[in-house]
Structure formats: structure tokens, C-alpha cells
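Notes follow the structure.
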Amino acid sequence: MLIRTHTCGQLRDSDVGKSVRLNGWVNSYRDHGNLIFIDLRDRYGLTQLVFDKEDDKGGAMMEAADKLRNEDVVAVEGAVRVRIGGENPKLETGKVEVVVSKLEVLSKTANPPFIPDETQKLPNEELRLTHRYLDLRRPSMQKTLGLRHRVYQVTRRYFDENGFLEIETPVLYKSTPEGAREFLVPSRHVPGTFYALPQSPQLFKQILMVSGCDRYMQICRCFRDEDPRADRQAEFTQIDLEMSFVRRDQVMETMEGFVRRLWKEVCGVEVPPLKRMAYREAMEEYGIDRPDTRYDLRIRDISEFAGTLGFAIFDGALAKGKDRPRFNSKRGVVKAIRVPGGAEKLTRKLTDGYTEFVKTFGAGGVAVVKVVKGEDGAPKLDTGIAKFLEPKRADFIALMGCEIGDTVLFVADVYSVATKAIGELRQKVARDMGVVPKPGAEGGPWNFLWVVDFPMFERNKETGKWVAMHHPFTSPRDDQMQAFLDADVEDEVTIEGIVSAGYDIVLNGQEIAGGSVRIHDQAVQGKVFQLLGMTPEQAKEKFSFLLEALGYGAPPHAGIAFGLDRLVMNFVGTDNIRDVIAFPKTQTGADLMTRAPSTVPNSQLKDVHVQAIAPASPS
RNA sequence: GGGGCGGUAGCUCAAUUGGUUAGAGUACCGGACUGUCGAUCCGGUGGUUGCGGGUUCGAGUCCCGUCCGCCUCGCCA
């Protein structure tokens with residue numbers, strides 16, 4: 001075989017006159033009969049090859065070149081020369097071409113279902129996933145793989161420089177049925193028992209701290225058997241981290257340093273120090289725990305004012321949970337967003353759609369009012385619920401800070417529903433108004449934010465039981481510790497008010513990392529398990545190893561995990577997670593290329609003491 | 001588990017109100033062509049309209065079921 005001396009992205013006019021060998025795929029061919037041009041492609045670029053009948057004495061090479069088609073794999077030898085037909089400015093190698101003197105066809109292709117060509121419209125994703133090896137040949141996919149590689153390398157270097165040890169943890173793990181649904185793996189040795197694939201290596205990394213490893217890092221695969229979305233799939237990658245003998249702010253500083261290094265080295269962006277926002281502020285002003293601060297459109301709680309209007313829909317909402325404390329999930333509230341310029345841009349069709357939109361989050365609808373110019377030139381309220389607001393027009397305009405041309409949108413419901421609905425609505429309105437800047441390439445902002453001071457616990461909507469907001473190993477914030485230990489389990493108000501030492505990094509409205517100071521004290525951990533409704537026996541059965549480890553000298557420790565796929569998505573500028581994973585899965589968890597999952601022979605099931613109850617049709 | 005969108009030639013798409021032989025571009029095959037770079041020109045092959053059933057004189061089109069893909073609600077400690 002003619003082993004390459006250069007790659008297809010390498011030759012420049014300074015190489016003219018050299019004899020070279022290239023290997024690669026036929027990216028395109030232009031056959032002029034006695035003159036054939038081939039663009040040869042590899043990971044590094046394209047180089048034009050020329051076959052000239054006059055140079056081919058026997059004619060055999062010309063005959064073979066004539067038969068070359070897209071995606072054939074070839075090796076060639078020839079001389080570099082300046083292009084006779086003029087430069088192609090689209091190619092890095094566009095000034096030169098290789099006049100081929102020897103051609104070796106390494107592999108002929110069958111007619112491919114599609115060619116990895118970016119100038120044409122991409123085929124549908126199903127086909128791209130089925131023939132992923134073809135799709136991955138596309139330059140933009142190669143670029144993404146390269147970017148992801150950069151993220152791995154910068155990550156390892158940064159944490160190595162900061163004294164972190166990279167340690168692998170098991171993939172076959174113990175089932176701890178809390179949180180996400182787990183993937184199960186049956187045991188062959190002990191009939192009827194199962195491993196679970198880890199939702200995260202959370203407990204192992206804590207044990208590593210107890211083991212004296214001090215600082216741990218792993219780029220690890222995590223598994224959560226829940227329905228996917230555009231930005232998540234069941235199998236994903238985390239940058240998992242844990243540190244000993246630190247408090248919250250030290251972890252946050254270290255991780256901020258990582259974010260700064262990563263953005264600097266991957267895309268040359270200087271990230272300023274991250275702002276911090278309390279969970280409560282995020283929920284009140286943005287209606288979500290991962291606020292997108294690239295645009296304003298703050299949410300206002302106008303319950304008090306709304307209660308004076310005599311508007312039945314508002315009154316009905318406000319009557320709910322009247323005696324409950326502020327921010328209680330079942331207390332009725334009225335929330336509003338002022339949309340500057342909305343009177344013109346938010347058409348009736350759009351605002352009607354908002355009602356349908358918020359219904360998906362359980363709210364009844366969206367009330368609308370526009371601030372228009374009255375005959376006297378002063379602001380006047382128009383459309384929607386204007387007639388209910390008109391008597392208190394001045395108060396309303398002052399309260400919301402309205403100007404002519406605004407639209408104000410209202411959602412009234414119990415706190416949890418109204419907050420979620422208007423928070424989602426805020427993001428939709430921002431898109432409709434065209435006020436969401438694109439990050440990255442277009443020079444738009446990267447808005448990073450720490451969100452802190454999450455509640456320790458929240459009520460499960462169905463069961464009414466307490467569940468950990470982050471996870472059950474999250475510590476109360478330092479100043480809350482005593483109150484937590486002293487709290488009566490039945491004291492709902494106190495329990496609800498306990499703030500954790502958790503922290504999330506939010507980027508442009510997306511959670512890219514989440515972590516917390518961990519509990520390193522048996523008694524505190526025991527109390528959390530108790531609150532979560534576990535008897536001491538149940539806690540022991542599930543987490544005895546952790547509780548025991550905490551009893552043998554556990555250092556204070558804290559950690560965080562970054563969603564690596566999401567980091568790469570941001571660098572690539574895609575909102576499709578499958579674009580940044582080499583071999584992704586579909587919404588039903590299928591790998592269209594390998595056709596996983598698949599049935600297995602009964603003998604294999606027998607080995608692991610499992611019987612399929614579903615009538616799996618043999619494929 | 002729920003809601004929405006989609007599936008027509010290898011690929012990207014078209015096909016009037018249900019109407020007679022389902023078209024185009026591209027790829028592929030054959031031919032021509034010595035400076036192209038989305039080469040060009042001429043000719044040709046290529047269809048279980050995802051699958052199954054129904055309504056109808058007649059279904060790519062309407063109805064029911066089903067499979068697959070995407071988006072989404074729930075879910076994702």
C-alpha cells in the first residue's frame with residue numbers, strides 16, 4: 001500500500017515540486033474524459049487530485065480512475081504542483097493539486113445511502129443514525145468529535161494541575177431505588193439479584209473522600225432510564241468531582257476556575273467572575289431554578305394588587321391556600337410579566353397560543369392587557385382584561401412600570417403551578433419577541449450564574465412525602481445545621497425552610513453543573529434518611545456502607561458534576577444532544593446502527609435466571 | 001403513560017376537491033468531453049406511497065389500528 005506522506009489538509013504552495021502520497025476517501029469526482037479531478041478527503045481536509053491521460057502511458061490508471069465514485073478509499077502517489085486551472089479559495093489546499101502517477105484502490109464502496117456532504121441537505125436523522133459511520137465522516141461531525149476531545153483534555157489537565165486524582169468507579173453497582181429509574185443487570189452467581197447501572201458515582205466518590213483520596217475526578221458514564229428530550233438521553237457523560245477539607249466557597253472557586261479555563265482554551269472566551277443568585281430569587285423573578293439572564297422580562301408577584309380588582313379569575317386563584325405561608329406551593333398567587341414592545345409584536349394569535357401553552361403546565365390560561373396611547377396621549381389599557389384593570393389604571397401602570405406599547409401577561413394559580421407556567425411562558429415570550437441572543441460565534445453572551453440556597457426538601461406532589469431536592473447526601477448550609485438537627489420531623493414549616501449547601505452552575509438558562517457540600521456526619525445523615533421516611537433498618541439496608549464509612553473518620557467534603565454533553569453542545573452551538581455523541585440513542589433507547597436492544601436466546605436468559613414476560617418478536 | 005408533527009424512487013422533495021400512466025432534482029448505470037472545483041451535455045434503470053385493515057366505482061390523499069423517527073408534558077434523587 002502507498003502509505004501517506006501527508007494528510008489531505010496539509011499541502012500548500014510551499015510543497016510544490018514534492019513527490020507525495022495521500023490516503024483518503026473520494027469526496028467528489030469531476031470526469032472530463034481525458035482529464036479527471038478527484039477531491040480526496042480525510043479528517044484533516046480536502047486535496048484535489050488530477051488524473052491526466054497524457055501522463056498515463058498504459059492507460060490502466062486512467063481506466064481505474066474513471067471508475068472511482070464518492071466514498072471509495074484510495075492511496076495515490078504524485079507530484080504537487082500549482083493548480084493550472086486557478087486557485088479554489090474554498091479549500092485550505094486550494095492553491096495546489098497532486099498530479100497522480102500511481103493509484104491504488106484500497107476499498108470500493110457500495111452505493112452509499114447518503115454521502116457525507118455538507119453542501120447538500122442532510123438526510124433524516126434516522127438514516128444518519130443507522131449509517132452513523134457515514135454521518136461521522138462529515139466535516140462538522142469530525143469537528144464536534146475534536147471539540148469534545150479538547151474538552152476531555154482541558155478537563156484532565158486542569159484537575160491534574162489542581163491535585164485531583166482520576167479514579168474509575170464501578171459500572172455494575174448496587175440498586176438504590178430513589179430518584180431516577182435504573183437500568184438493571186441480572187446476576188449470574190446469585191439468582192434473583194441484580195446490579196444497577198449508576199445514575200452517578202455519587203456514593204463512590206464520597207467513599208473515596210473517606211478513603212483519603214482528597215481530590216477525585218472522573219469523566220464517567222451515567223445511566224438514567226427516563227424518557228429523553230432534545231438535550232438529554234438515558235446514557236450520558238458527567239465530569240464528576242469531589243474535594244475534601246473544603247467548604248462551599250472553595251469548591252465554587254475551583255469550579256469557576258475550571259469553567260474559565262475551559263472557555264478560554266476551547267473557544268477563546270474570557271469568562272468573568274460568576275454572579276450568584278439565591279434559589280428563591282430565581283423562582284420569584286424568573287420562575288425557574290435555572291434562569292436565563294440574557295434578557296430581562298422579570299416576573300412580578302402582584303397578588304396583593306390583583307386581589308383588589310374584583311376580577312373573579314384572580315380572586316378564585318387567590319382564595320386557594322390563603323392560610324398557607326408565602327411561597328408555599330399550594331398558596332394562590334397572581335404573577336405578571338411586562339413585555340416592552342409587546343403590544344405590537346405579540347399578536348392575538350400568539351397570546352391566544354400562550355393560554356394553550358401554559359395549560360400544558362397545568363395552569364388555566366394567560367390573561368392579557370396592552371398599554372396603548374389614549375386620545376389624550378396618556379397611557380390607556382386595552383384588550384383582554386383591560387376593563388377589570390381600568391379603575392386602578394394608574395396604580396397598575398405605576399406598579400408594573402408600564403410604558404405605552406407594552407403588553408402585560410398574567411398567570412393566576414397556586415404558587416407551584418403559576419411559577420412554573422409563567423417561568424416557561426417568559427422563555428417563550430422572549431423567543432417570540434426575538435430578544436434571545438445567540439451565544440458564541442455571533443458574539444452573543446455566555447451568561448453564567450451560580451444558583452445557591454436551594455431548599456433541602458420538597459414535597460412529592462403525589463405522595464406528599466418529603467424528598468431531597470438535590471440528593472439525600474446534601475448537607476444543610478453551615479448556618480442551618482443546628483436548626484436542622486433540632487427540627488421536629490413533624491414541623492413542616494421549619495423543615496421546608498431549611499436551606500441546603502447545594503449549588504448549580506447555570507449557563508444561558510441551562511443547568512450545566514450541580515453539586516453540594518456533603519453530609520460527613522452519621523447523625524445528620526441519619527436524620528435526613530428519617531425525614532425521607534426511611535426507618536433506620538431501611539436506611540441500613542440501602543446505605544449501610546455509607547453510614548459505616550461515615551463512622552470511621554470522614555473528612556468534610558463537597559463536590560459537583562458537570563454535564564459534559566451539554567458543555568459540548570454549547571461549544572458546538574447545537575440544541576440536539578445526539579449531535580455531540582458519537583453513537584447516540586433514539587427516543588426509545590434504540591441504537592439504530594447496532595439494533596440494540598435486541599432479544600437474546602433463552603439459554604442466555606437462563607444463565608442469569610431471568611424470564612421474559614413480554615412477547616418479544618424475534619427480529 | 002399523555003399531546004403534537006412526520007414517513008412517497010438510494011437521498012431531498014412534489015403530486016389540485018379522492019380521479020385515470022405517482023413526477024422533479026440528485027445519486028446510480030451507459031455514452032460524450034483536457035482545467036474542473038455543486039463540472040457540463042445526451043440517454044437509461046429505479047416505486048409494497050412505513051405496515052395491516054376499512055370506506056369508495058376509484059385511496060399517496062379519507063377512517064381505524066400498528067410500527068418507526070422527531071418535538072413535548074409527566075418523569076429525569
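Here is the naming used below: chain letters follow the sequence lines, and residue numbers restart at 1 for every chain.
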Problem - Interatomic distance at P, B:C29 relative to B:U45, whole Å - result: 16 Å
Practice task
Name the pairing partner of B:C70, where a pair is Watson-Crick or G-U wobble with both distances under 3.5 Å, or state none.
Solution key: B:G4
Practice task
Name the pairing partner of B:G25, where a pair is Watson-Crick or G-U wobble with both distances under 3.5 Å, or state none.
Solution key: B:C11
Handout entry: A:F51 CZ - B:A39 C1' separation (whole Å)
Key = 17 Å
Problem - A:F37 ring over B:U36 six-membered base ring, under 5.5 Å and 30° - result: yes
Problem - Donor/acceptor link under 3.5 angstrom from A:Q120 side chain onto base of B:U26 - result: no
Fill in the blank from the handout: Atom CG of A:D52 and atom P of B:C33 are separated, to the nearest Å, by 15 Å
Fill in the blank from the handout: Between CG of A:D66 and C1' of B:G30 the distance, given in whole Å, is 11 Å
Problem - Heavy-atom donor-acceptor pair, A:R81 side-chain to B:G35 base, under 3.5 Å - result: yes
Handout entry: salt_bridge(A:E511, A:R290) N-O dist < 4.0 Å
Key = no
Exercise for the section: Indicate yes or no: does A:K205 engage A:D240 in a salt bridge with an N to O separation below 4.0 Å. Expected result: yes
Problem - Closest-nucleotide 5' rank along RNA chain B - winner of A:P123 and A:G86 - result: A:P123
Let me check something: any side-chain donor-acceptor pairs from residues 541-550 of chain A under 3.5 Å, sequence neighbours excluded? List them with distances.
| residue | atom | partner | partner atom | Å |
| --- | --- | --- | --- | --- |
| A:S544 | OG | A:K540 | O | 3.3 |

Handout entry: NZ/NE/NH1/NH2 to OD/OE distance under 4.0 Å, A:R30 and A:D39
Key = yes
Practice task
Give a yes/no answer on whether the side chain of A:Y29 brings an N or O atom under 4.0 Å of OP1 or OP2 in B:U40.
Solution key: no
Problem - Nucleotide B:C42, atom P - distance to CG of A:D31 in whole Å - result: 17 Å
Exercise for the section: Determine, for A:R232 against A:E226, whether the closest basic-nitrogen to carboxylate-oxygen distance falls under 4.0 angstrom. Expected result: no
Exercise for the section: Mark yes or no: A:K330 above the aromatic ring of A:Y415, with NZ or CZ under 6.0 Å from the six-membered ring centre and no more than 45 degrees from the axis. Expected result: no
Handout entry: Any donor-acceptor N/O pair under 3.5 Å between B:G6 base and A:E125 side chain
Key = no
Problem - Heavy-atom donor-acceptor pair, A:D227 side-chain to B:G74 base, under 3.5 Å - result: yes
Handout entry: Spacing of the P atoms in B:G23 and B:G60 (rounded, Å)
Key = 13 Å
Handout entry: Check: B:C70 base within 3.5 Å donor-acceptor of A:R578 side chain
Key = no
Practice task
Look at A:K585 together with A:D591 and state whether they make a salt bridge at an N to O cut-off of under 4.0 Å.
Solution key: no
Completion exercise
Scanning all shown strands, the Watson-Crick or wobble mate of B:U55 with both distances under 3.5 Å is none
Exercise for the section: For B:A39, take OP1 and OP2 only and decide whether either is under 4.0 Å from a side-chain N or O of A:R30. Expected result: yes
Exercise for the section: With C1' as the reference atom in both, quote the distance from B:A9 to B:U49 in angstrom, rounded to an integer. Expected result: 10 Å
Practice task
Name the nucleic acid region contacted by A:K420, choosing base, sugar-phosphate or nothing; use a 4.0 angstrom heavy-atom cut-off, strictly under.
Solution key: sugar-phosphate
Exercise for the section: State whether A:E235 and A:R224 are salt-bridged, where the test is any N-O pair (Lys NZ or Arg NE/NH1/NH2 against Asp/Glu carboxylate O) under 4.0 Å. Expected result: no
Practice task
Could you check whether A:K90 gets within reach of a base, just the sugar-phosphate, or nothing at all, counting any heavy atom under 4.0 Å?
Solution key: sugar-phosphate
Fill in the blank from the handout: Whole-Å distance, A:E54 CD to B:G35 C1', equals 13 Å
Practice task
To the nearest Å, give me how far apart CZ (A:R232) and C1' (B:C73) are.
Solution key: 11 Å
Fill in the blank from the handout: From CG of A:D72 across to C1' of B:A27 the rounded distance in Å is 14 Å
Problem - Check: B:C28 base within 3.5 Å donor-acceptor of A:N111 side chain - result: no
Exercise for the section: Check whether any side-chain nitrogen or oxygen of A:R229 sits under 4.0 Å from OP1 or OP2 of B:C75, and answer yes or no. Expected result: no
Exercise for the section: Tell me whether the OP1 or OP2 atom of B:G3 has a side-chain N or O from A:K359 closer than 4.0 Å. Expected result: no
Handout entry: Between B:C11 (P) and A:R69 (CZ): distance, integer Å
Key = 20 Å
Practice task
Could you work out the separation of B:C76 and B:U66 based on their C1' atoms and round it to a whole Å?
Solution key: 29 Å
Practice task
State whether A:N124 places a side-chain N or O below 4.0 Å from either non-bridging phosphate oxygen (OP1 or OP2) of B:U12.
Solution key: yes
Problem - Salt-bridge contact A:D135-A:R578 (side-chain N to carboxylate O under 4.0 Å) - result: no
Practice task
Identify whether any heavy atom of A:E511 sits under 4.0 Å from a base atom; if not, whether one sits that close to sugar-phosphate; answer base, sugar-phosphate or nothing.
Solution key: nothing
Practice task
Between B:U61 and B:G18, how far apart are the P atoms? Round to whole Å, please.
Solution key: 11 Å
Practice task
Could you tell me whether A:F473 contacts a base, only the sugar-phosphate backbone, or nothing, with contacts defined as non-hydrogen atoms closer than 4.0 Å?
Solution key: nothing
Practice task
Tell me the partner of B:C41, counting only Watson-Crick (N1-N3 plus N6-O4 or O6-N4) or G-U wobble (N1-O2 and O6-N3) with both under 3.5 Å; none if nothing fits.
Solution key: B:G31
Report, one pair per line, the protein and nucleotides 65-68 of chain B atoms (nitrogen or oxygen only) whose separation is under 3.5 Å.
| residue | atom | partner | partner atom | Å |
| --- | --- | --- | --- | --- |
| B:C68 | O2' | A:E126 | OE2 | 2.5 |

Problem - A:K121 vs B:C13: side-chain N/O to OP1/OP2 distance below 4.0 Å - result: yes
Problem - A:R41 with A:E71: basic N within carboxylate O range, under 4.0 Å - result: yes
Problem - Ring centroids of A:H32 and B:A39 base under 5.5 Å with planes under 30° - result: yes
Completion exercise
Among B:G10, B:U34, B:C37, the one nearest any side-chain atom of A:P113 is B:G10
Practice task
Could you say whether A:L129 or A:Q199 is positioned toward the 5' end of RNA chain B, judged by the nucleotide with the nearest heavy atom to each?
Solution key: A:L129
